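Before any comments, here is the structure.
The sequence lines fix the lettering, A, B, ..., with proteins before strands; numbering per chain opens at 1. Computed from a predicted structure; not experimentally measured.
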Protein chains: 2
Amino acid sequence: MPTIAAQIFQTLADRIAQGDVAPGQKLEEKALADEFGVSRTPVREALRELGARGLIEINPRRGGVVARISVPQLADMLEAECELEATCARLAAQRLTAVEREQLYDLHRRCAEAVKAKDLEGYLAANRDFHDHICRGAHNTTIAAMAVDLRARLAPFRQRQAGTIEARMQQSLDEHQGIVDAIRANDARTAFDAMCAHNARLSAGVMRLFSESMLAS
Amino acid sequence: MPTIAAQIFQTLADRIAQGDVAPGQKLEEKALADEFGVSRTPVREALRELGARGLIEINPRRGGVVARISVPQLADMLEAECELEATCARLAAQRLTAVEREQLYDLHRRCAEAVKAKDLEGYLAANRDFHDHICRGAHNTTIAAMAVDLRARLAPFRQRQAGTIEARMQQSLDEHQGIVDAIRANDARTAFDAMCAHNARLSAGVMRLFSESMLAS
DNA sequence: TCGTGCACGATTGTGCACAAGATGGGCATC
DNA sequence: GATGCCCATCTTGTGCACAATCGTGCACGA
């Protein structure tokens, strides 16, 4: 049985990732302690951990708020994610095992079927698995962990654009095809460029929506 | 005035980075609390933060130990650092401002002078500044922060090889020259490759020494 | 009417006490 | 003599209380 603090950390991390608590919202120790029926101590530990991972901002004596972000900061993080995933794609093109290659083709097929069926939910899940598989396929746990952490931090801001993906599913699928082809050909450089271009296009969409929402508020 | 927890975190992080406490060594809350003359609470917070950043391992109800590492894990982390810095070099070649370029040349000169004077201490400092400058020169705070964090985690294991650098100073300087030339020419791809090769060579040295020390113990 | 200063309330930082679980040594048994 | 079990001790996890600090609202003066 994990510690109470670890459970609360996980719960809060999920809430933030899924947008249940909005960026900028205060996280008060006492209120959370009451909600979970524990004392402030484990809540504090959970908040510290969230702070260390960049999911919330903690100011001394002023408590924690869900991490906010400015337009340039979002651009910064999206670019970092783009570089990270592209690096993974480059390494994956050189290192994927035969089994992993087949799994990648399977995931790509799942994406294609979801697009054909216009199944947004299924596409998002398959798409996530596709990207995850490539990150793990780099066979470097440090880089993969950095990519996962970064994606967790970006999740709250990416959340809102889920609805707009529908129109782009077909194009994304075509780009995935390019990535798969490059990996199949062990063409590291093309795999990097294809992943980079793919993520850059997605990031541009996120930026556009985010900028709009910032102007609106 | 920062909180006590923040001060203790910084102190412990420095100790770990400088090798004052060896990997695997236990960090007991009460002992540290007595040493710093505070209660266990701020010490706990500091340890949690160190744990979140990967500098120590924390097991529930068993306390924390300075992060240990296996040979494959070290290889993993060194490779990640290599990719990260090479990415920074690639971006820096495209983005360095005129002022930053001059600063880079200055830092390179400082390295060269230290080599000529056989000033190991000075070379290590100038070398660190050189690499830092390139990381910052990527103009991406997220990637730079990841590189800094990773270097902090690697510091305890890199510590031991400081003495052996002397023989490699000249070669490292030559490689730095190649990086500087590529950046001067705005040649992103060559900058990436040069930094990658440079770091790979250094990493190989770290791996060799680490493997030996693992066999010895 | 607006700006400034003060006091109060609320929240976090720290210290301390008790509870739960882990480690290590001693003892019994094979 | 070796092995497995049990218990004592120690360390960490959690709860709670007090202290320090920050934000807010109000009153006062310009």
Side-chain angles (χ1 to χ4, degrees), chain A residues 1-16 20-70 153 156 217, chain B residues 1-16 20-70 153 156 217:
Chain A
M1 168 169 129
T3 68
I4 295 178
Q7 298 175 44
I8 294 177
F9 165 78
Q10 196 58 52
T11 302
L12 292 179
D14 289 345
R15 283 190 192 173
I16 294 171
D20 295 343
V21 288
Q25 187 170 332
K26 280 199 71 167
L27 294 176
E28 290 188 9
E29 296 177 359
K30 179 146 192 345
L32 291 169
D34 291 344
E35 178 190 340
F36 291 111
V38 299
S39 88
R40 276 176 51 213
T41 309
V43 173
R44 275 179 73 75
E45 313 244 322
L47 291 181
R48 298 331 252 220
E49 181 101 10
L50 290 167
R53 300 215 187 177
L55 290 172
I56 70 176
E57 304 166 15
I58 294 182
N59 301 93
R61 305 207 172 267
R62 288 174 40 181
V65 300
V66 180
R68 280 162 307 199
I69 207 173
S70 65
R153 288 171 60 189
S217 64
Chain B
M1 173 170 125
T3 68
I4 295 178
Q7 297 176 44
I8 294 178
F9 165 77
Q10 197 57 52
T11 303
L12 293 178
D14 289 344
R15 282 191 193 173
I16 293 172
D20 295 344
V21 288
Q25 187 170 331
K26 279 199 70 168
L27 294 177
E28 290 188 6
E29 296 177 1
K30 181 149 190 342
L32 292 169
D34 291 344
E35 179 190 339
F36 291 111
V38 298
S39 87
R40 278 175 49 213
T41 309
V43 173
R44 277 179 71 75
E45 312 244 323
L47 291 180
R48 298 330 254 220
E49 181 100 12
L50 291 167
R53 300 216 187 176
L55 290 172
I56 71 176
E57 304 165 14
I58 294 182
N59 301 93
R61 302 197 176 277
R62 288 175 39 184
V65 299
V66 180
R68 282 161 304 202
I69 207 174
S70 65
R153 288 170 61 189
S217 64

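Counting heavy atoms from C-beta outward, F9(B) and R48(B) have side chains that stay 4.5 Å or more apart.
Of all the heavy atoms in P156(B) and P23(B), the pair that sits closest is CB-CG, 4.5 Å. Nearest heavy atom pair, residue L55(A) against residue A13(A), reads CD1-CB, 4.2 Å.
Salt-bridge formation is detected for the pair R68(B)/E57(B): a Lys NZ or Arg NE/NH1/NH2 atom is positioned less than 4.0 Å from an Asp or Glu carboxylate oxygen.
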Between the protein and nucleotides 8-10 of chain C, are there any N/O to N/O pairs under 3.5 Å, and if so, what are the atom names and distances?
none

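The side-chain contact (heavy atoms from CB on, under 4.5 Å) check on D20(B) picks up R15(B), Q18(B), with sequence neighbours excluded.
Here the rule is side chain to side chain contact (heavy atoms under 4.5 Å, CB included) with I8(B), and of T3(B), V38(B), L32(B) only V38(B) fits it.
Within the structure, every side-chain polar atom (N or O) of R48(A) is placed at least 4.0 Å from both OP1 and OP2 of dT12(C). The phosphate of dT12(D) has neither OP1 nor OP2 within less than 4.0 Å of any side-chain N or O from R62(B). Contact between the side-chain N/O atoms of T41(A) and the OP1/OP2 oxygens of dT14(D) is not found at any separation under 4.0 Å.
The distance from atom CD of Q7(A) to atom P of dT14(D) is 9 Å, rounded to the nearest whole Å. If you take CD1 of I8(B) and C1' of dG15(C), they are 13 Å apart, rounded to a whole angstrom. One atom, CZ of F36(B), and another, P of dT14(C), lie 13 Å apart when rounded to the nearest Å. Per the geometry, CG belonging to N59(B) stands 17 Å off C1' belonging to dC10(D), to the nearest Å. Separating the CD atom of E29(B) from the P atom of dT14(D) is a distance of 11 Å, rounded to the nearest angstrom. As rounded to whole Å, 11 Å separates atom P of dT12(D) from atom NZ of K30(B). Summarising the geometry, the separation between CZ on R44(A) and C1' on dC16(D) is reported as 13 Å, rounded to the nearest angstrom. Between the CD1 atom of I4(A) and the C1' atom of dA19(C) there is a distance of 12 Å, given to the nearest Å.
Judged by closest nucleotide on DNA chain D, L27(B) is the one of L27(B) and P42(A) placed further toward the 5' end.
Side chain R40(B) to base dG13(D): a donor-acceptor pair is found below 3.5 Å.
Remark: the backbone N or O of A22(A) is paired with a side-chain donor or acceptor of Q25(A) at under 3.5 angstrom.
When heavy atoms are screened at a 4.0 angstrom cut-off, R61(B) is found touching base atoms of the nucleic acid.
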